[in-house]
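Start at 1 and go down the list; that is how both ligands and their atoms are numbered.
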Amino acid sequence: MGRKSLYLLILGVLVAYYVYIPLPDNFEEPWRMMLTNAHLNTIGHLANFVQLLGISNSMDSFKIFMSFLEVSPTSDENVTVTDTTFNNIPVRVFMPKRKSEALRRGLFYIHGGGWCLGSAALQHYDLLSRWTADRLDAVVISTNYRLAPQYHFPIQFEDVYNALRWFLRTKVLAQYGVDPERIAVSGDSAGGNLAAAVTQQLLDDPDVKVKLKIQSLIYPALQPLDVDSPSYRENSHFPLLSRSSMVRFWREYFTTDPSLEKAMLSNQHVPVESHHLLKFVNWSSLLPERYIKGHVYKNPIYGSSEIAVKYPGLFDVRAAPLLADDKKLRSLPLTYVITCQYDVLRDDGLMYVTRLRDAGVPVIHKHIENGFHGAFSFLEFKISHRLINDYISWLHENL
Ligand SMILES: *[C@@H]1O[C@H](CO)[C@@H](O)[C@H](O)[C@H]1NC(C)=O
Ligand SMILES: *[C@@H]1O[C@H](CO)[C@@H](O)[C@H](O)[C@H]1NC(C)=O
């Protein structure tokens, strides 16, 4: 073997070592996942390196990388796409081009990205809204909101809520030709968190007369109090969203102070004063048995009382919709929930499904056995198209 082939062999082994990750047997496109993961990790390493050099925060570098994936608002043969603002919040509007005598469905979409990343202009969100508008013959509003680490809770929530309230005004609905009785709110991941939160908030808002017909929550984040549930344990190193990244996103949502992240990683961040909230996130009683498997519920180790004072958002329903009481949940609209087996957030969704059903809310729950967090957004995977088709068909029948 020549020296050149030896070098090539070593390089090959190193690349394989860098790319290879063990994945479950039922995983559909393992190599695609390994490459996607390696790609994201490389961006992550570069971002950390830039932070190490003191040039910029790693989250900001991530934002710059992501901005290359944005597309301008471009109409196609079926859908007119424009950027505008609702109550000063930038939104992207997708209007079907075909003539319609009747009022249309309205769908308000909230993108994911851990409250730190993403926008309505990201190519996959743009495509999703385009497909939804076309296939449902719906007016789709895809909202933006200000992001962490520059902005913290409740800014993200308030931006989304203000844009939604603007949309739900009689005058605006009429202007877009939207039927006030056929409106849904949808979101994925952090957007699912915001969707659940604004849907709850609307119930108590005397100024909004319109009632949502549907909320769709796609692998939503719903609570930061227990980050040691079976799904957090089982998927703590799963590609695309590890436990430590999810904890980092939660922390960034509330504060730039890294000490909260440390307390959360050891799951010792709930002070004894907030003990009464733990029943709402108690997976031991809220998860169906088949998801608990052999996991043993540990009684909480309480954190410092200062936490509730410094980061009240952790215990606020606008950040943690799972903390709402049953009385509040009872009035929620028909709910569509997607949970994925390979997702730290799986149990957040499952617990919400249990709590909503117990409160008498009609819930359509799709659990995807070989699904993973991000499956809705990474369009290069086959599973992504199956999930999106299912979601749009369901909305077609129910909205
Ligand atoms: C527009 O709608 C037609 C008919 O449904 C479809 O065949 C075509 O692919 C659509 N175009 C785009 C760009 O989606
Ligand atoms: C959680 O639920 C289990 C079983 O239902 C119960 O034994 C435990 O005390 C609960 N813990 C909290 C903090 O609610």
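Contact check for Pro230 versus Arg346: side-chain heavy atoms found under the 4.5 Å cut-off.
The pair Arg386-Glu28 counts as a salt bridge, with a side-chain nitrogen and a carboxylate oxygen less than 4.0 angstrom apart.
Short contacts between ligand 1 and Asn78, defined as distances under 4.0 Å to a heavy atom of the residue, involve ligand atoms 1 (C), 2 (O), 3 (C), 8 (C), 10 (C), 11 (N), 12 (C), 14 (O). The ligand atoms of ligand 2 that sit less than 4.0 angstrom from a heavy atom of Ser285 are 5 (O).
Under the ring-ring contact (aromatic ring centres under 6.0 Å, His included) test applied with Tyr253, the options Phe153, Tyr145, Tyr311, Tyr151 reduce to a single match, Phe153. The only member of Asp76, Asn78, Thr74 that meets side-chain hydrogen bond (donor to acceptor under 3.5 Å, both in side chains) when paired with Arg130 is Asp76.
Looking at Glu77 against ligand 1, only its side chain comes within 4.0 Å, counting heavy atoms.
Taking the centre of each ring, Phe381 and Phe372 come in below the 6.0 Å mark.
Closest to atom 13 (C) of ligand 2 among all protein heavy atoms lies Tyr297 OH, 3.8 Å. Nearest non-hydrogen protein atom to atom 12 (C) of ligand 2 is Asn282 ND2, 3.3 Å. At the shortest separation from atom 9 (O) of ligand 2 among protein heavy atoms lies Asn299 OD1, 4.3 Å.
The presence of a protein heavy atom under 4.0 Å from atom 5 (O) of ligand 1 is ruled out.
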**Item:** Stepwise salt bridge (charged side-chain N to carboxylate O under 4.0 Å, His left out) test for Lys328 and Asp204
**Value:** CA-CA 9 Å; Lys328 179 76 165 272; Asp204 295 335; 3.2 Å; yes

